[in-house]
Amino acid sequence: MKNVVILISGRGSNLQALLKENLGCAIRAVISSRMDAAGLNHARAQGIPVAIVANRDHPDRESFDAALAAEIDHHDPDFVVLAGFMRILTEKFVMRYQGRLVNIHPSLLPAYPGMHTHARALADGVKIHGCTVHFVTPDLDHGPIIIQAAVPVLESDTEHSLAERVLREEHRIYPQAVRWLCSGKVRLGMDGRVINEGGVTLGTSLISPALEVA
Ligand code: GAR
């Protein structure tokens with residue numbers, strides 16, 4: 001069975017969604033970049049070892065990433081899963097876990113990398129938004145895509161209502177992506193593209209608006 005370490009920084013709703021599912025792997029530890037991350041309680045409630053590697057305790061990204069890698073390696077994971085981990089990682093760190101490091105991002109990448117994705121989508125007036133699970137590469141929020149889910153953007157949406165709709169999809173697709181990884185159905189090919197033998201069938205989250213009949 002594969003070993004997984006999950007990294008968080010805050011609320012931990014994606015962590016909670018992952019912990020609820022049978023992922024076919026052993027979650028060896030949850031590591032937080034913040035001591036006060038609420039998500040740590042979800043791990044503690046299930047008896048999963050937790051560790052804090054606080055960015056505040058480190059003068060620069062290099063020393064933070066070195067401490068983080070040391071803590072991760074202590075648990076000997078096959079995969080490192082970023083679940084609301086809000087630190088930008090150095091190239092050295094990312095390359096150390098190449099093909100084994102995945103992230104969930106609240107937009108349909110490559111649209112809206114970075115922060116405030118829902119506000120930016122609303123400001124642009126896009127009609128479709130969503131979330132993406134991808135392999136992490138040194139290019140922030142641009143790694144090879146494993147799975148995405150789309151949601152409609154409604155006239156009445158606020159940043160909060162749109163975030164909630166996207167988050168429901170995050171909680172569906174992240175467990176699927178981690179299950180695929182741990183079963184070996186998904187991997188990063190030598191050419192940097194995702195190989196997916198898991199197959200995707202059409203589900204309710206694909207958006208295709210009905211047209212008005214003339
Ligand atoms: C999630 O929406 C996740 O996609 C996002 O932070 C939120 C964490 O929520 N991640 C990023 O923006 C990473 N760039 P959670 O702590 O409840 O899972």
Side-chain angles (χ1 to χ4, degrees), residues 4-21 23 27 29-46 48 50-55 61 64-65 68 79-91 93-94 97 101-124 126 128-151 153 157-179 181 205:
V4 167
V5 164
I6 302 177
L7 271 53
I8 64 168
S9 295
R11 175 179 58 182
S13 71
N14 275 289
L15 168 66
Q16 197 174 16
L18 290 165
L19 294 180
K20 263 195 210 151
E21 299 271 339
L23 300 173
I27 298 178
V30 171
I31 303 173
S32 173
S33 62
R34 294 179 58 117
M35 183 116 90
D36 59 357
L40 287 168
N41 293 327
H42 301 309
R44 290 192 183 108
Q46 296 212 13
I48 296 168
V50 302
I52 318 286
V53 181
N55 52 292
R61 278 168 54 191
F64 171 68
D65 282 7
L68 187 59
F79 298 106
V80 179
V81 172
L82 307 182
F85 186 73
M86 304 308 274
R87 307 305 309 168
I88 295 176
L89 297 161
T90 57
E91 180 164 358
F93 180 97
V94 170
Y97 301 105
L101 180 61
V102 294
N103 181 45
I104 188 154
H105 183 77
S107 77
L108 289 173
L109 292 173
Y112 309 118
M115 303 287 284
H116 309 299
T117 57
H118 310 307
R120 286 155 63 204
L122 285 173
D124 283 345
V126 299
I128 297 173
H129 187 46
C131 49
T132 303
V133 179
H134 64 99
F135 284 105
V136 178
T137 60
D139 197 4
L140 181 70
D141 296 331
H142 275 93
I145 292 169
I146 298 171
I147 188 170
Q148 294 183 303
V151 302
V153 180
D157 264 330
T158 61
E159 195 178 341
H160 180 74
S161 64
L162 184 55
E164 275 195 337
R165 192 173 309 118
V166 171
L167 195 63
R168 274 197 295 278
E169 297 303 319
E170 293 186 39
H171 297 166
R172 293 179 60 234
I173 66 172
Y174 216 3
Q176 172 68 87
V178 174
R179 209 178 294 119
L181 279 172
S205 15

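For ligands, and for the atoms within them, numbers begin at 1 and follow the listed sequence. This structure is a prediction, so every number in the text was calculated from the model and none was measured.
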Undergrad: Could you check Ile88, Leu68, Leu89 and say which one makes a side chain to side chain contact (heavy atoms under 4.5 Å, CB included) with Arg61?
TA: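 Answer to the side chain to side chain contact (heavy atoms under 4.5 Å, CB included) test with Arg61 among Ile88, Leu68, Leu89: Ile88.
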
Undergrad: Considering only the protein, which heavy-atom contact is closest to atom 1 (C) of ligand 1, and what is its distance?
TA: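 For atom 1 (C) of ligand 1, the nearest protein heavy atom is Glu170 OE1, 3.2 Å.
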
Undergrad: Which residue holds the protein heavy atom closest to atom 7 (C) of ligand 1, what is that atom called, and what is the gap in Å?
TA: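 Closest protein heavy atom to atom 7 (C) of ligand 1: Arg11 NH2, 4.2 Å.
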
Undergrad: Of all heavy-atom pairs between Tyr174 and Leu82, which one has the smallest distance, and what is that distance?
TA: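 The answer is OH-O, 2.7 Å.
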
Undergrad: Which protein heavy atom lies closest to atom 14 (N) of ligand 1, and at what distance to 0.1 Å?
TA: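 Of the protein heavy atoms, His105 ND1, 3.3 Å lies nearest.
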
Undergrad: Is it true that His142 and Thr137 share a donor-acceptor pair across their side chains at a distance under 3.5 Å?
TA: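 No pair is found: no donor N or O on one side chain lies under 3.5 Å from an acceptor on the other.
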
Undergrad: Which of the atoms in ligand 1, numbered in the order shown and given with their element, are less than 4.0 Å from a heavy-atom of Ser13?
TA: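 Listed by number with element: 15 (P), 16 (O), 17 (O), 18 (O).
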
Undergrad: Any N/O of Asp141 closer than 3.5 Å to an N/O of ligand 1?
TA: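 For ligand 1, there is no N or O atom that lies under 3.5 Å from one belonging to Asp141.
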
Undergrad: Assess the residue pair Arg165 and Asp157 against the criterion (salt bridge (charged side-chain N to carboxylate O under 4.0 Å, His left out)); give the C-alpha distance rounded to whole Å, side-chain angles, the decisive distance to 0.1 Å, and a yes or no.
TA: CA-CA 10 Å; Arg165 192 173 309 118; Asp157 264 330; 2.7 Å; yes

Undergrad: In the protein, which heavy atom is nearest to atom 16 (O) of ligand 1, and how far is it?
TA: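 Closest protein heavy atom to atom 16 (O) of ligand 1: Gly12 N, 2.7 Å.
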
Undergrad: Distance-only, no hydrogens or angles: does the Thr132 side chain make a donor-acceptor pair with backbone N or O of Leu109 under 3.5 Å?
TA: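 Yes; judged by distance alone, with no hydrogens or angles, the pair exists.
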
Undergrad: Where is the nearest protein heavy atom to atom 10 (N) of ligand 1: which residue, which atom, and how far?
TA: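 Atom 10 (N) of ligand 1 sits closest to the protein heavy atom Ile104 O, 3.7 Å.
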
Undergrad: Other residues, nucleotides and ligands only: do more than 12 of their heavy atoms fall within 6.0 Å of CD on Glu21?
TA: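 More than 12 heavy atoms, drawn from other residues, nucleotides or ligands, come within 6.0 Å of this atom.
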
Undergrad: Report yes or no: does a heavy atom of Gln16 sit under 4.0 Å from some atom of ligand 1?
TA: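 Checking ligand 1 against Gln16, which is what was asked, there is no heavy-atom contact under 4.0 Å.
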
Undergrad: For atom 8 (C) of ligand 1, find the nearest protein heavy atom and state the residue, atom name and distance (0.1 Å precision).
TA: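 Result: Gly84 CA, 3.6 Å.
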
Undergrad: Any side-chain donor paired with an acceptor under 3.5 Å for Asp141 and Tyr112?
TA: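 No.
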
Undergrad: Nearest protein heavy-atom contact for atom 12 (O) of ligand 1: which residue, which atom, what distance?
TA: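 Heavy-atom neighbour on the protein nearest atom 12 (O) of ligand 1: Pro106 CD, 3.3 Å.
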
Undergrad: Tell me the contacting part of Met115 for ligand 1: side chain, backbone, both, or neither, using a 4.0 Å heavy-atom threshold, strictly below.
TA: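 For Met115, there is no contact with ligand 1 at all, from either part.
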
Undergrad: Side chains of His134 and His105 only: does a donor on one sit below 3.5 Å from an acceptor on the other?
TA: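 No.
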
